[in-house]
There are 2 protein chains.
Amino acid sequence: MGDDTTTDRRKARGRKRRAEIIEATLTVVQRDGAAGVTHRTVAKEAGIPVSLSTYYFATLDDLLVAALTSVAEAYTARIRHIIDHDDDKLRGLAELIAESAGPGRDRALAERELSTLAARRPALRPIARRWRENVAELARHCTDSPSAVAALVAASDGLCTAILIDNAPADTDYVHTVLQQALGVPRETVEQ
Amino acid sequence: MGDDTTTDRRKARGRKRRAEIIEATLTVVQRDGAAGVTHRTVAKEAGIPVSLSTYYFATLDDLLVAALTSVAEAYTARIRHIIDHDDDKLRGLAELIAESAGPGRDRALAERELSTLAARRPALRPIARRWRENVAELARHCTDSPSAVAALVAASDGLCTAILIDNAPADTDYVHTVLQQALGVPRETVEQ
DNA sequence: CACATATTTGAACGATAGTTCAAGTTGTAC
DNA sequence: GTACAACTTGAACTATCGTTCAAATATGTG
């Protein structure tokens, strides 16, 4: 009847709709910022009536929470993949960060908007924190120093901000160099 | 008549009102986030009618721009003061950053909200960028390495984020240690 | 005094917001 | 078929929004 793994096609469609609405929400955030997210703009983006948006997300807050969760999970998955599969994990991280300047800019922008939102809602903090914890775990594969881990995590975050807001140089080599510097690798391998 | 240094008491009162409205705006941002800023909430906070808010700031955008400019300038002034007057400039920066956990939390939160806003408005980027450039200048007093400067700037930003969103440890010593790490000081003086 | 300029006020307009709801449709179980 | 649950729809309610405006007050100038 109502078990978790039901194959009820109605519920399956419901889950799909839910995902579609979240996707439309992220599109709106990327285009107009978190301030542009309303039940109506999201519904229009998804091509559905307004009341269907509220059917799946009773309040606008629920929708934003779901969107943040989704985008954070996607980002976290990327990092986990680097940890598990990349040989040079620091370089993998640098590539991921450098993406924020190119194709991944919209996504990174959305994540910043939503994480800023999280600063004001304690319920969202654990989700926003997960990204940071995963970067820390990646860092622990590169060094034993706790302060080096902290510096790398902070620098990673700061680099993303710089790329998004300052249009800082964002080629992988540059990011990689700065990450190495934060990690404290010997000078002569960093300086030109 | 209309020169800059007029002592016209009417204009003086106008400037004071303008400052009051900006102050009220920042209070609203600190309490409810940038999304909570409306002409009405600001007017209520300032104890004035709505139309007076629009008299000084024709559009809501003008008001947000003015508020961001104000908060960014205050922060920049703090950094400049450290550069010009502190002996241990890195420690001064660490103290400033650590403030974000205590009395300066609201202001730091407001700055993040408003700088996130800047990501979507090119006109605001120069203002948001100034903070970063001043930190870089401070860093250049501590090192000759360009990558060390970049790492310190990025780490400073990331530490603020961590303190605001993750409730990361924020005592001055800890922040100072991480900043030193990013700067690349010899290991033995950093590790415990 | 009159005259001009700057500030202040309350009311109003049109637009859009979140949310609710009763009615309709589709799919599942019996 | 009937009964039931999940999904979908359009319309509506109330609230708040940004902005405008004419009138009132205060201040400076002659």
Side-chain angles (χ1 to χ4, degrees), chain A residues 1-25 27-29 31-68 113 117 120-121, chain B residues 1-25 27-29 31-68 113 117 120-121:
Chain A
M1 285 192 161
D3 57 308
D4 273 4
T5 58
T6 186
T7 52
D8 192 330
R9 263 179 264 174
R10 290 175 301 179
K11 293 198 174 180
R13 207 167 56 156
R15 279 191 295 270
K16 190 180 172 187
R17 266 276 191 259
R18 216 185 124 90
E20 284 173 8
I21 295 173
I22 288 177
E23 196 60 35
T25 303
T27 301
V28 173
V29 172
R31 192 183 55 220
D32 304 322
V37 174
T38 72
H39 273 139
R40 283 175 171 83
T41 55
V42 168
K44 187 172 185 179
E45 177 67 37
I48 56 173
V50 197
S51 46
L52 193 52
S53 180
T54 67
Y55 173 75
Y56 285 98
F57 304 95
T59 86
L60 198 62
D61 222 67
D62 292 340
L63 181 54
L64 284 169
V65 169
L68 171 58
E113 295 256 14
L117 213 119
R120 222 166 279 282
R121 319 196 187 205
Chain B
M1 287 190 172
D3 56 308
D4 274 1
T5 59
T6 186
T7 52
D8 193 329
R9 264 179 265 174
R10 290 175 303 181
K11 293 198 174 180
R13 210 170 53 161
R15 278 192 297 270
K16 190 180 173 188
R17 265 277 191 260
R18 215 185 125 91
E20 283 174 8
I21 294 173
I22 288 178
E23 196 61 34
T25 303
T27 301
V28 172
V29 172
R31 193 184 54 221
D32 304 323
V37 174
T38 73
H39 273 140
R40 283 176 171 82
T41 55
V42 168
K44 186 172 186 177
E45 179 65 36
I48 56 172
V50 196
S51 46
L52 194 52
S53 179
T54 66
Y55 173 75
Y56 284 98
F57 303 95
T59 87
L60 199 61
D61 221 65
D62 293 339
L63 180 53
L64 284 170
V65 169
L68 170 58
E113 294 257 11
L117 214 118
R120 226 165 272 283
R121 317 191 188 209

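Because the structure is a prediction, the values reported are computed rather than measured. Naming convention: chains lettered A, B, ... in sequence-line order (proteins, then strands); numbering from 1 in each chain.
OP1 or OP2 of dT28(C) sits under 4.0 Å from a side-chain N or O of R9(A).
Atom CD1 of I22(A) sits about 5.0 Å away from atom CZ of R18(A), to the nearest 0.5 Å.
E20(B) is not listed as a side-chain neighbour of I48(B), based on a closest heavy-atom distance of 4.5 Å or more. Contact of the V65(B) side chain with the D62(B) side chain is not registered, since no non-hydrogen atoms from C-beta on lie closer than 4.5 Å.
Applying the side chain to side chain donor-acceptor pair (under 3.5 Å) test to pairs two or more places apart or on separate chains, none has a residue in residues 48-57 of chain B. Evaluation of the side chain to side chain donor-acceptor pair (under 3.5 Å) test over residues 31-50 of chain B, restricted to residues two or more places apart or in two chains, returns R31(B)-E45(B), T38(B)-T41(B).
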Inset, instruction - Let me have a per-nucleotide readout for nucleotides 7-20 of chain C, 5' to 3', with B, S or -, counting only protein heavy atoms under 4.0 Å. - result: BBBB-B----BBBB

